[in-house]
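All values below come from the heavy atoms of this structure, side chains included, with hydrogens, waters and symmetry mates left out.
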Amino acid sequence: MSPAVGVVCFPGSNCEHDVVRALASLGASARIVWHGDDDLGDVDAVVLPGGFAHGDYLRPGAIARFSPVMGPLRRFALDGGPVLGICNGFQVLTEAGLLPGALRRNSGLRFVCTTVPCVVGSSSSVLTAATPVGTVLALPVNHGEGSFVCDEATLESLEDNGQVVLRYADNPNGSMGDVAGIANRAGNVVGLMPHPERASSDLIGSSDGIALLGSFLAAASATAPF
Amino acid sequence: MRFAVAVEVRGLEGISDPQGQTIERALPALGFTGASGVHVGKVVRFELEAADEPAARATAQQMCDRLLANPVIERAEVVVSPAERGE
């Protein structure tokens with residue numbers, strides 16, 4: 001059965017259609033969920049897409065975390081449902097406290113828009129279950145505030161628990177520990193700055209994101225919590 | 001009573017501040033030598049109705065904790081003063 005995926009659209013999101021298209025091409029039944037809805041509907045997984053939710057005012061994700069949809073999203077995540085935050089979605093998940101740390105202005109103040117090699121750091125997440133540790137993926141990044149930061153103890157525990165799911169091979173933004181993506185302890189909530197949906201066809205430069213999205217959909221299909 | 005509130009948000013010690021570093025490097029080009037420790041933060045100003053100054057301060061502090069600052073990377077300083085009259 002094709003998993004149903006809700007892709008949340010905030011005012012200022014701009015990657016929701018790309019995500020829907022990429023997931024649909026992999027057999028999912030993906031639909032857009034408005035941020036003002038206080039119900040996710042009958043979904044097996046949720047994606048927070050990239051963009052500039054609420055204009056990134058104050059801080060990226062700072063206002064989005066109070067959107068009505070975030071209440072049901074939090075419950076869905078805490079119940080073990082697969083949740084993926086891409087770029088701005090990652091920022092929203094950290095602001096909401098569903099993932100540790102924060103995303104800061106890139107070192108060098110440069111908005112990075114390029115395709116970078118990323119190395120799978122852990123397979124213990126809904127996003128990376130299908131990719132062995134050490135797999136190198138070419139993934140597009142497109143952000144001005146993607147420099148991951150947290151305190152040393154948090155980074156150590158992320159490393160020790162296999163929560164650093166993706167690392168930059170050549171750090172483009174000054175992220176601590178070369179972190180490109182992390183998961184929560186249970187592995188069902190994942191945030192990453194690179195855009196797997198923009199690497200979902202050779203026609204657009206890379207299909208390396210398919211393994212990640214495929215893993216996410218497999219988790220969504222599984223009846224048992226991941 | 002109405003109070004004028006200014007919340008200054010700045011990065012925590014040890015969190016890199018690339019904007020501050022860039023400005024610090026730019027200053028000598030204009031002849032301003034000797035500036036160090038440049039940091040860029042932001043100020044959120046607003047007026048607030050509250051019973052008294054401690055109440056205004058407490059409310060502003062709650063705003064900081066819940067929205068205005070991210071404690072993972074920032075700290076906030078609240079300054080409360082009586083609002084100017086005759087606006």
Side-chain angles (χ1 to χ4, degrees), chain A residues 53-67 70-71 74 88 90-112 143-158 171-179 182 184 191, chain B residues 3-30 32 35-50 56-80:
Chain A
H54 299 274
D56 274 359
Y57 293 158
L58 200 59
R59 301 177 303 277
I63 314 281
R65 80 176 255 228
F66 296 108
S67 280
M70 292 302 287
R74 175 179 299 275
N88 192 223
F90 184 12
Q91 295 164 335
V92 174
L93 290 175
T94 59
E95 280 285 338
L98 288 169
L99 289 174
L103 284 313
R104 291 266 295 153
R105 186 70 64 93
N106 295 347
S107 63
L109 301 177
R110 184 183 284 270
F111 189 102
V112 293
H143 59 251
E145 300 189 52
S147 184
F148 180 80
V149 60
C150 62
D151 60 51
E152 292 288 347
T154 302
L155 185 63
E156 205 168 298
S157 95
L158 287 173
N171 194 335
N173 58 24
S175 278
M176 277 176 75
D178 299 325
V179 166
I182 57 170
N184 65 349
Chain B
F3 293 91
V5 182
V7 176
E8 184 186 340
V9 182
R10 62 179 100 172
L12 286 177
E13 291 284 323
I15 299 281
S16 78
D17 176 9
Q19 285 191 87
Q21 290 164 1
T22 303
I23 291 168
E24 188 166 322
R25 283 196 301 270
L27 287 171
L30 297 171
F32 297 109
S36 60
V38 178
H39 287 281
V40 175
K42 59 190 152 197
V43 179
V44 182
R45 294 182 192 278
F46 53 93
E47 288 199 0
L48 183 63
E49 185 71 43
R57 186 177 303 281
T59 302
Q61 191 57 52
Q62 286 172 14
M63 291 178 184
C64 293
D65 297 343
R66 296 198 56 206
L67 176 64
L68 300 180
N70 179 346
V72 176
I73 48 174
E74 296 169 328
R75 65 192 170 93
E77 197 173 311
V78 176
V79 178
V80 176

* To do: Would you confirm whether Arg105(A), through its side chain, and Pro18(B), through its main-chain N or O, come within 3.5 Å as a donor-acceptor pair?
  => no
* Pick from Ala69(B), Gly11(B), Gly14(B): which one has the most heavy-atom pairs with chain A under 4.5 Å? -> Ala69(B)
* What part of Gln21(B) gets closer than 4.5 Å to chain A, counting heavy atoms only: side chain, backbone, both or neither? -> neither
* For chain B, which of Glu95(A), Met176(A), Arg104(A) has the most heavy-atom pairs under 4.5 Å? -> Arg104(A)
* Asked: Asn70(B), Leu68(B), Val72(B): which one forms the most heavy-atom pairs within less than 4.5 Å of chain A?
  -> Asn70(B)
* To do: Output the distance between atom CD1 (Ile15(B)) and atom SG (Cys150(A)), rounded to the nearest 0.5 Å.
  => 8.5 Å
* **Heavy-atom pair count under 4.5 Å with chain B, highest-scoring of Leu58(A), Thr154(A), Ile63(A), Thr94(A)** => Leu58(A)
* **Which portion of Ser16(B) sits near chain A, non-hydrogen atoms under 4.5 angstrom** => backbone
* Asked: Out of Ser147(A), Ala102(A), Ala62(A), Gly174(A), which one racks up the most heavy-atom pairs below 4.5 Å with chain B?
  -> Ala102(A)
* So which part of Ile73(B) gets closer than 4.5 Å to some heavy atom of chain A, the side chain, the backbone, both or neither? -> side chain
* Greater than 12 external heavy atoms within 6.0 Å of Phe66(A)'s CZ -> yes
* To do: Identify which part of Asn106(A) has an atom lying under 4.5 Å from any heavy atom of chain B, answering side chain, backbone, both or neither.
  => backbone
